[in-house]
Protein chains: 2
Amino acid sequence: MPDSNTRRKGAATIDLVLCAVRRGRLHVLVAKMGGATALPFAWAADGASLEVAAQELARQYTGHAAAWLTAGTPTAGKRHASSCALSVPFIGVTGPTTTPRNDAAWHPLDRLPALAPRQKAMAELVLDSLRLHMDLAPVAFRLLSSAFTLAELQHVYELLLGRRLHKASFRRALHAAYLVAPTDEWRSEGRGRPAQLFQYAPRKRRGGHRSVRFDLLSG
Amino acid sequence: MPDSNTRRKGAATIDLVLCAVRRGRLHVLVAKMGGATALPFAWAADGASLEVAAQELARQYTGHAAAWLTAGTPTAGKRHASSCALSVPFIGVTGPTTTPRNDAAWHPLDRLPALAPRQKAMAELVLDSLRLHMDLAPVAFRLLSSAFTLAELQHVYELLLGRRLHKASFRRALHAAYLVAPTDEWRSEGRGRPAQLFQYAPRKRRGGHRSVRFDLLSG
DNA sequence: TCAATAGTGTCTGTTAGACATTATGGA
DNA sequence: TCCATAATGTCTAACAGACACTATTGA
């Protein structure tokens, strides 16, 4: 992990907003730096791809690469007052089983520990960006196993979007987007009717692909 | 302008996609570098804001700062094969009267000269990003004088979005978004009924601001 | 049987897009 | 007058959201 002893490898830093669904809530990985808390970050190595570096950062903290990861727009200003570096935010998602190393922990998104104002703003910005592009990126599917119920999928969407969705409308939108395909398997989860399992199977559609619209409200 | 003789000021470059409306078409400023053509770029000075640097770049090329400008998401990889730099794309708009210096020229968006593949991809990406966020950023108004007709506004929207909009729907969306206010002036443009002049006057609205939706089609 | 969850059918208010109509200038 | 453009009203198909209903399991 980069600290004050680490040799400066480049002039840009990577800040990582790594998310995971744990116990039905969206969590963000936060590192403990001495007494303070901060988002995981790293100096970008000269010549290396930023995304590769961000994945390496995720691997250092959780032992696994992120299941999905993308860069955001660099915010104005530098990460630390002492540095002259440009900071590129990355947002990623990872499975709930990834246990972070000692100096980091998962925190519920709505109860994040104190972060530097710039980091907090950056995290919110990159999360908003994710939510705006959820209809284009298959993020939710990376947080589920290859076969999942539609209720599970909707739950992940709700956590990532930060709001409730409407069941019938969600399924209609899914159908219209040709994103999932039913399998012939069913899963019984305690009481209630068993749920059919689906797979992520985006199909190209004549006349242009149709993105999932989520103007949907509380259901 | 940065060239091989310029002292390296930082480890990041800025690439500028500067747009202007000229003769009813969207143009992009392209620089001539020796025999080749390329997007204007600059090394980011250590410690300086990227946006300030991008505006300085626009001023160097056109004599004026961009009327609107924002950063995009850095693409993977470097700008030049020989450099190890990270490249941050900027997209901006400027007025049609800005004449570029000798080693640069406006080119219609649909007839851009040959660019390096990475630059071409970056330009398309940042333009797509602009189009996705047009409903949030008041870009179009920066390309018009303070008083404008709704036909002019619609035309700018169409050029920036790259598609035709529907007149009645456009005006309905504008009204719903509370973005413009009518003045008591009218402009007669040759033949036909004079058009009322409007001003950009975004009003906060109880219950959350409503963004302009443009699912509108050919009109 | 009841409870709980999955899945689906139907209705309605909203609205994007199309179309028609009126208004108002210049030629 | 005719034509061109501005501005507005109306209609319709599509659809988001709401609601209700059926289906299928376990307790």
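Every chain is numbered from 1, with letters handed out A, B, ... down the list of sequences. When reading the values below, keep in mind they use all heavy atoms of this one structure, side chains included, and skip hydrogens, waters and symmetry mates.
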Next on the checklist: Please report the distance, rounded to the nearest Å, between CZ in B:F198 and C1' in D:dA6.
Outcome noted: 10 Å
Next on the checklist: A cation-pi test, strictly: NZ or CZ of A:R203 under 6.0 Å from the centre of the six-membered ring of A:Y178 and no more than 45 degrees from its axis. Yes or no?
Outcome noted: no
Checklist outcome for this item: Ranking C:dA6, D:dA18, C:dA18 by distance to the side chain of B:H166, first place goes to C:dA18
Could you list the donor-acceptor pairs under 3.5 angstrom formed by side chains in residues 121-130 of chain A, with sequence neighbours left out?
none

Checklist outcome for this item: Separation of D:dA7 atom P from B:F170 atom CZ, nearest Å, is 12 Å
Checklist entry - Between atom CG in A:L174 and atom P in D:dA16, what is the gap in whole Å? => result 12 Å
Next on the checklist: Could you tell me how far apart B:L153 (CG) and D:dA7 (C1') are, to the nearest whole angstrom?
Outcome noted: 15 Å
Item to check | Minimum heavy-atom distance between B:L29 and B:P40, given as atom pair plus value | outcome: O-CD, 3.5 Å
Item to check | Aromatic ring proximity, centroids under 6.0 angstrom, B:F198 and B:F148 | outcome: no
Please list, for nucleotides 24-27 of chain D, all pairs of protein and nucleotide N/O atoms separated by less than 3.5 Å.
from   : atom 1 : to     : atom 2 : distance (Å)
D:dT24 : O2     : A:R193 : N      : 3.3
D:dT25 : O2     : A:G192 : N      : 3.2

Checklist entry - Passes side-chain contact (heavy atoms from CB on, under 4.5 Å), B:V139 versus B:F141? Steps please. => result CA-CA 6 Å; B:V139 191; B:F141 305 98; over 6 Å; no
Item to check | Any A:R172 side-chain nitrogen or oxygen under 4.0 Å from OP1 or OP2 of D:dC15 | outcome: no
Next on the checklist: Mind checking if B:E189 touches a base, just sugar-phosphate, or nothing, with heavy atoms under 4.0 Å?
Outcome noted: nothing
Item to check | Side chain of A:K167 - closest among D:dA16, C:dA6, D:dA7 | outcome: C:dA6
Item to check | Residue pairs fulfilling salt bridge (Lys or Arg N to Asp or Glu O under 4.0 Å) with at least one residue in residues 147-160 of chain A, sequence neighbours excluded | outcome: A:E152-A:R187, A:E158-A:R164
Item to check | Whole angstrom value for the distance that separates C1' of D:dT5 from CZ of B:R187 | outcome: 14 Å
Item to check | Spacing between A:E152 atom CD and C:dA6 atom C1', to the nearest angstrom | outcome: 12 Å
